[in-house]
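Quick caveat, the model's predicted, so the values are computed rather than measured. The chains referred to below are lettered A, B, ... by the order of the sequence lines, with proteins before strands, and numbering in each begins at 1. Hydrogens, waters and symmetry mates play no part in the numbers below; they use all other heavy atoms, side chains included.
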Amino acid sequence: MDSIIPLGLRIMQWYERNGRNLPWRKDKNPYRVWISEVMLQQTRVETVIPYFKRWMKRFPNIKSLAESTENDVLSVWEGLGYYSRAHNLLKTARIIMREFGGKFPRNLESLKDLPGLGAYSSAAIASIAYNENQPAIDGNIRRVYSRLFDIRISMKTSLFERRIRRIAEQNLPHGRAGDFNQALMDFGAMICLPKQPKCTECPLEDRCLAFRRGVQNLLPMVGQATPIPHEQQAAAIIIHKRGKLSKVLLRKRSSKGLLAGLWEFPSVYVNTNQGQELARRFLSTFKLKLRKKSLFTTVKHSYSHFRVTLSAYAFTYNSGKITKDFKWVDLGDLSEYPMGKVNRLIADQLVLNPNER
DNA sequence: CTCCAGCAGA
DNA sequence: TCTGCTGGAG
């Protein structure tokens with residue numbers, strides 16, 4: 001009887017045949033496990049793969065990372081999103097060099113104290129890199145267990161969390177926690193999908209309570225989504241011609257909050273696209289005296305909790321004090337300034353069509 | 001187009 | 001509890 005084989009063992013058997021071959025699974029040194037786990041926070045495996053390879057080429061170990069600059073780190077990270085993760089990697093690398101003699105801590109509590117590592121990532125690193133018996137509980141695993149054990153409790157509640165944790169601890173195969181955690185994640189990503197789980201291919205079908213009761217599509221119980229506001233923004237492409245050389249004005253964003261530390265074309269929130277009004281907004285926000293010329297391009301984008309439609313206008317620069325957040329940059333050097341997706345798109349268009357300004 | 005998935009910090 | 005991004009699916 002298959003059903004007397006422990007759950008953990010069956011998942012491991014499935015993993016041995018079906019687990020994914022991923023770059024960070026070849027060599028499980030703590031540095032590689034750490035970088036991959038942080039990249040995988042809120043980000044899909046397929047997206048992470050090329051970033052992980054580039055990162056390892058550029059920063060092969062903790063020391064090389066700790067000795068690099070914020071700009072280097074953001075440049076390699078550019079496009080991955082959630083930029084605080086990149087800032088935290090650099091901070092943590094420096095802490096490890098300074099306070100841990102360059103060696104990654106092994107126990108859960110020390111890991112959790114490092115910037116960017118919470119309950120999930122700490123347990124993932126401890127189990128994968130050091131084979132500590134820690135269940136790593138992420139969204140995949142919550143979904144899998146809530147179905148296998150038919151946990152009909154809102155995912156937001158602490159009761160749900162306690163139930164899942166107890167189940168995860170009880171089913172953890174001691175001595176193989178690292179592989180087991182990864183096996184469950186692959187299982188959640190490949191079989192026990194959020195929408196339309198592949199129950200016909202599932203090796204655990206016969207002992208999934210949700211499947212037996214036909215409620216697998218209703219679990220886990222998630223709250224209803226909150227509506228997402230839509231904002232309008234205007235960005236200024238401000239070109240300054242000095243003979244043959246064209247420079248454009250960039251602004252470095254605050255070190256906190258959205259797109260922290262990245263560069264952008266100065267932008268303001270708007271509810272109008274009147275030239276005069278726009279120029280006034282740039283004057284009051286940035287003390288820049290500008291004159292609007294023409295619409296360059298419009299880009300739509302979604303962030304985590306709002307959407308924007310951003311229109312980029314070409315402006316001519318009259319006067320105004322250039323404070324230290326601002327910098328005149330050669331068009332050819334734009335790629336050296338890390339940017340979020342929207343601004344990179346505009347920068348690329350600008351380099352391609354410098355005449356349409 | 002719109003919808004959706006996915007942890008950490010404050 | 002709220003904020004942080006992007007890519008891929010539909």
What integer distance in Å separates [X]:[atom1] from [N]:[atom2]?
| X | N | atom1 | atom2 | value |
| --- | --- | --- | --- | --- |
| A:K300 | B:dC3 | NZ | P | 14 Å |
| A:R307 | B:dC4 | CZ | P | 10 Å |
| A:L258 | C:dC2 | CG | P | 18 Å |
| A:Y303 | C:dG4 | OH | P | 11 Å |
| A:K156 | C:dT1 | NZ | C1' | 10 Å |

Every protein N/O within reach of nucleotides 6-10 of chain B N/O, cut-off under 3.5 Å:
residue : atom : partner : partner atom : Å
B:dG6   : OP2  : A:R143  : NH1          : 3.4
B:dG6   : N2   : A:Q42   : O            : 2.4
B:dG6   : N3   : A:Q42   : O            : 2.9
B:dC7   : OP1  : A:D138  : OD2          : 3.1
B:dC7   : OP1  : A:G139  : N            : 3.4
B:dC7   : OP2  : A:G139  : N            : 3.3
B:dC7   : O4'  : A:Q42   : NE2          : 2.8
B:dC7   : N1   : A:Q42   : OE1          : 3.2
B:dC7   : N1   : A:Q42   : NE2          : 3.4
B:dC7   : O2   : A:Q42   : OE1          : 3.0
B:dC7   : O2   : A:Q42   : NE2          : 2.7
B:dC7   : N3   : A:Q42   : OE1          : 3.1
B:dA8   : OP1  : A:G118  : N            : 3.2
B:dA8   : OP1  : A:S121  : N            : 2.9
B:dA8   : OP1  : A:S121  : OG           : 2.2
B:dA8   : OP2  : A:Y120  : N            : 3.3
B:dG9   : OP1  : A:G116  : N            : 2.3

Can you check nucleotides 7-10 of chain C for protein contacts, nitrogen or oxygen pairs under 3.5 Å, and list what you find?
residue : atom : partner : partner atom : Å
C:dG7   : OP1  : A:K341  : NZ           : 2.6
C:dG7   : N2   : A:R44   : NH1          : 3.3

Pair up each side-chain donor or acceptor in residues 177-194 of chain A with any protein partner under 3.5 Å, not counting sequence neighbours, and list the distances.
residue : atom : partner : partner atom : Å
A:D179  : OD1  : A:K28   : NZ           : 3.1
A:N181  : OD1  : A:A136  : N            : 3.3
A:N181  : ND2  : A:S127  : OG           : 2.9
A:N181  : ND2  : A:Q134  : O            : 2.9
A:N181  : ND2  : A:A177  : O            : 3.3
A:Q182  : OE1  : A:R25   : NE           : 2.9
A:D186  : OD1  : A:R20   : NE           : 3.3
A:D186  : OD1  : A:R20   : NH2          : 2.8
A:D186  : OD1  : A:R25   : NH2          : 2.9
A:D186  : OD2  : A:R20   : N            : 2.9
A:D186  : OD2  : A:R25   : NH1          : 2.9

Hydrophobic cluster mates of A:L218, side-chain heavy atoms under 4.5 angstrom, ILVMFWY only, any path?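 Its cluster mates, by chain and number, are A:V215, A:L219, A:M221.
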Taking the six-membered ring for Trp, does A:H305 stack with C:dC2 (centroid gap under 5.5 Å, planes within less than 30°)?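 Not stacked by the 5.5 Å and 30° rule.
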Test side chain to side chain contact (heavy atoms under 4.5 Å, CB included) applied to A:E70 - qualifying residues, sequence neighbours left out: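 Scan of A:E70 (side chain to side chain contact (heavy atoms under 4.5 Å, CB included), adjacent residues dropped) gives A:L74, A:H87, A:L90, A:K252.
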Using the side-chain hydrogen bond (donor to acceptor under 3.5 Å, both in side chains) rule, collect all pairs that involve residues 100-110 of chain A, keeping only residues at least two apart or in two chains.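 Every side-chain hydrogen bond (donor to acceptor under 3.5 Å, both in side chains) pair that includes a residue of residues 100-110 of chain A, provided the two are not neighbours, is A:R106-A:E132, A:N107-A:S110.
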Name all residues meeting the salt bridge (Lys or Arg N to Asp or Glu O under 4.0 Å) criterion together with A:E99; count only those two or more places apart in sequence or in a different chain, and write none if there are none.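 For A:E99, no residue satisfies salt bridge (Lys or Arg N to Asp or Glu O under 4.0 Å) once neighbours in sequence are set aside.
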Applying ring pair (Phe, Tyr, Trp, His ring centres under 6.0 Å), can you list everything that pairs with A:H230, at least two apart in sequence or on another chain?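 Residues passing ring pair (Phe, Tyr, Trp, His ring centres under 6.0 Å) with A:H230: none at all.
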Hey, does A:L89 have a side-chain heavy atom less than 4.5 Å from the side chain of A:W77?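 A side-chain contact under 4.5 Å exists here.
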Validation: residues 163-176 of chain A side-chain donor-acceptor distances under 3.5 Å, sequence neighbours left out:
residue : atom : partner : partner atom : Å
A:N171  : ND2  : A:I167  : O            : 2.9
A:H174  : ND1  : A:N133  : ND2          : 3.3
A:R176  : NH2  : A:E16   : OE2          : 3.4

